[in-house]
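Here the structure comes first, spelled out in structure tokens, and everything after it is commentary.
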Amino acid sequence: MADLSHNPTLGLRLDRGMEVPLFRQISQGIRRGILAGELKAGLHLPPERLLATALGVNRSTVLSAYRELKDDGLVEGHVGRGTWVLPRPSAPLQPPSAWQPSPGPRLSAISDPLIRDLLDSETPDTVSFALGVPAPELVPVQTLAEILARLPAEVGNELALHSPTEGVPELREALASYLVDRGIPALPREILITAGSQQGLDLVARVFLAAEDTVLVEEPTYLGALQVFRRAGVRLVGVPVDEEGLRVELLEPLLARVRPRLLYTQPTFQNPTGAQMSLPRRKRLMELAQRHQLPILEEDVYGDIRYEGPTLPSLRALDPAEQVLQVGSFSKTLCPGLRIGWLNGPASAIRQLAVARQTVDLHTATMNQWVVQRFLSEGLLARHVEKIRPEYAARRNALLEALAPLARLGLSWTRPQGGYYVWCRLPDDISLPRLAAEAAREGVAFLPGTVCSADGSTTRHLRLNFTALPPERLREGVARLSRALRAARSHHREADIQGETHQPLI
Ligand SMILES: Cc1ncc(COP(=O)(O)O)c(C=O)c1O
């Protein structure tokens, strides 16, 4: 790839049938070459006209690709001097030599080091909006420790032994009644306790999906789910989300065309947008699912973290035909470190999932299950949620207030009624990679929207978490973000002044 005289196309192969635009296919191909070290620092890329001719595309297509790489900080270019590869600030992650990943599309889809670099740019001084964790100081560690201390007397040595793959029966019972209290149908035999909802997603992919299946996902959606599905080798098709959640009206024509094996949705306070699917859409979705026999994986990890508005029925509650499998977790309501989540669905599906679970880790840690069992059955979780809700609502309000002046810079954002995140959209004159670079300099981190997208379409978005930081840190973070936005915008202006033409995105 590096010897350009013999390889004027840079080894790029364009697929005109793909939904990914040609300019992005070009920039992604070159990015891969740079990150893999095949295109070394200092190397001149072919002149736009030459590469355009070699690839059979318009010159403006190549210009757009080079511009994107420039915005990513991967190449530099000047009129009359061409475009060349810049040195990478940090070396790509190299696995030890004996442990090379097996080549193939599954891993390459989840190993772009650019994402790691962005998330890794945090230092102790960084104000990070990037992760989705509860406020550490509100986690009831003392209470959990007290429960653990009395469990040997109450449960005996069983506490440290194996437990059933499906979960400790007492926890399945306590969880079923907790879910039923919230209007979600659940029976103990319909529950499989998992090591967090991430494992629930992974088990579903192992059991019910095969390579080449089509899975419908919300666009944008949860990064961890995308990684699970990509690893499974499935084809992902994104269905847009707006402020009323999944745009169900776009689903019907898709169902006949792509014949999906599964739809993955988070109807309540979706990660990353915070959107909540409206009741009419929930009902319509269930009608469609029934008509097309579409299995639905409904994730609900944020539903309890509601700040306002009435509780809406879960999809599982609207499902007479047993087509919904729910995945849930205590990571957002209690704490992520205990690793307790669950799958709740038709008993036959739960049985198959439990069998698959045996090859993974046999069962969730017995002690942790007992701690959560007591926390639930003694009514402590309900009380804890009552405590964190107003605190998180205050943090959301603090973030929204701090963001208000940034509207003048063209930034826009959602106002979630619950959950953990505000989803922001950048104005057209600020690129996300440039903002990420300026944000790293200012000491503020966020999750870039690109990683939440199945098809790479959310290139102008960022996700801000507001639960992990107290209001004064949220305000400090927004002040830094504001400086980063201004710097990123003035960079864009300078690029304009230097005579670079802006090509429309194709
Ligand atoms: C939608 C969603 N699912 C799953 C997870 C991971 O949760 P757990 O800790 O239960 O694996 C997260 C965490 O951010 C999430 O937002």
Side-chain angles (χ1 to χ4, degrees), residues 110 115 119 128-136 139 167 171 175 179 191-206 215 217-231 238 241 245-246 262-277 296-306 314-315 325-344 353 357 360-361 364-365 368-369 371-372 375-376 381 385 392 414 416 418-423 445-449 451-454 463-468:
I110 59 166
I115 297 168
L119 293 176
S128 179
F129 295 111
L131 297 176
V133 289
V139 172
L171 175 58
L175 177 58
L179 293 174
I191 286 174
L192 168 66
I193 303 296
T194 60
S197 60
Q198 187 67 34
Q199 186 182 53
L201 296 170
D202 189 71
L203 286 172
V204 170
R206 280 168 194 261
V215 172
V217 293
E218 290 169 332
E219 182 66 38
T221 189
Y222 167 52
L223 164 66
L226 288 176
Q227 291 188 328
V228 163
F229 295 137
R230 287 187 177 131
R231 240 199 85 79
V241 167
L246 182 78
L262 185 78
L263 165 73
Y264 165 67
T265 172
Q266 302 171 62
T268 311
F269 312 137
Q270 200 240 16
N271 176 2
T273 63
Q276 173 172 230
M277 198 189 294
I296 294 181
L297 181 58
E298 174 186 30
E299 175 144 28
D300 181 19
V301 294
Y302 298 102
D304 272 358
I305 319 275
R306 170 181 296 282
S314 68
L315 298 181
L325 184 57
Q326 263 195 337
V327 59
S329 167
F330 294 116
S331 289
K332 309 300 170 183
T333 46
L334 177 53
C335 60
L338 285 171
R339 308 305 302 136
I340 305 279
W342 63 87
L343 287 157
N344 169 28
L353 290 157
R357 174 77 186 279
V360 180
D361 60 353
T364 304
N368 293 5
Q369 293 193 59
V371 170
V372 172
F375 203 78
L376 267 183
L381 183 67
V385 170
Y392 289 171
T414 57
Y420 269 37
Y421 312 104
V422 168
W423 179 243
F446 53 78
L447 191 80
V451 305
C452 306
S453 167
R463 189 195 76 181
L464 304 181
N465 165 263
F466 53 81
T467 55

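Each ligand, and each atom within it, is numbered from 1 in the order the structure gives. Source: prediction; values computed, not measured.
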**Asked** Is the gap between the ring centers of F466 and Y392 under 6.0 Å?
**Response** no
**Message:** Is it the case that the ring center of Y302 lies less than 6.0 angstrom away from the ring center of Y421?
**Reply:** yes
**Qualifying residues under side chain to side chain donor-acceptor pair (under 3.5 Å), relative to Y264, sequence neighbours excluded** = E299
**Item:** Among I340, L343, V301, side chain to side chain contact (heavy atoms under 4.5 Å, CB included) partner for S197
**Value:** V301
**Fill in**
Contact set, ligand 1, heavy-atom distance under 4.0 Å, ordered by chain/number, equals G196, S197, Q198, Y222, Q266, N271, E299, V301, Y302, S329, S331, K332, R339, Y421
**Asked** Between the side chains of R339 and Q199, is a donor N or O closer than 3.5 angstrom to an acceptor N or O?
**Response** no
**Request:** Let me see the working for W342 and V327 under side chain to side chain contact (heavy atoms under 4.5 Å, CB included), right down to the final yes or no.
**Result:** CA-CA 6 Å; W342 63 87; V327 59; over 6 Å; no
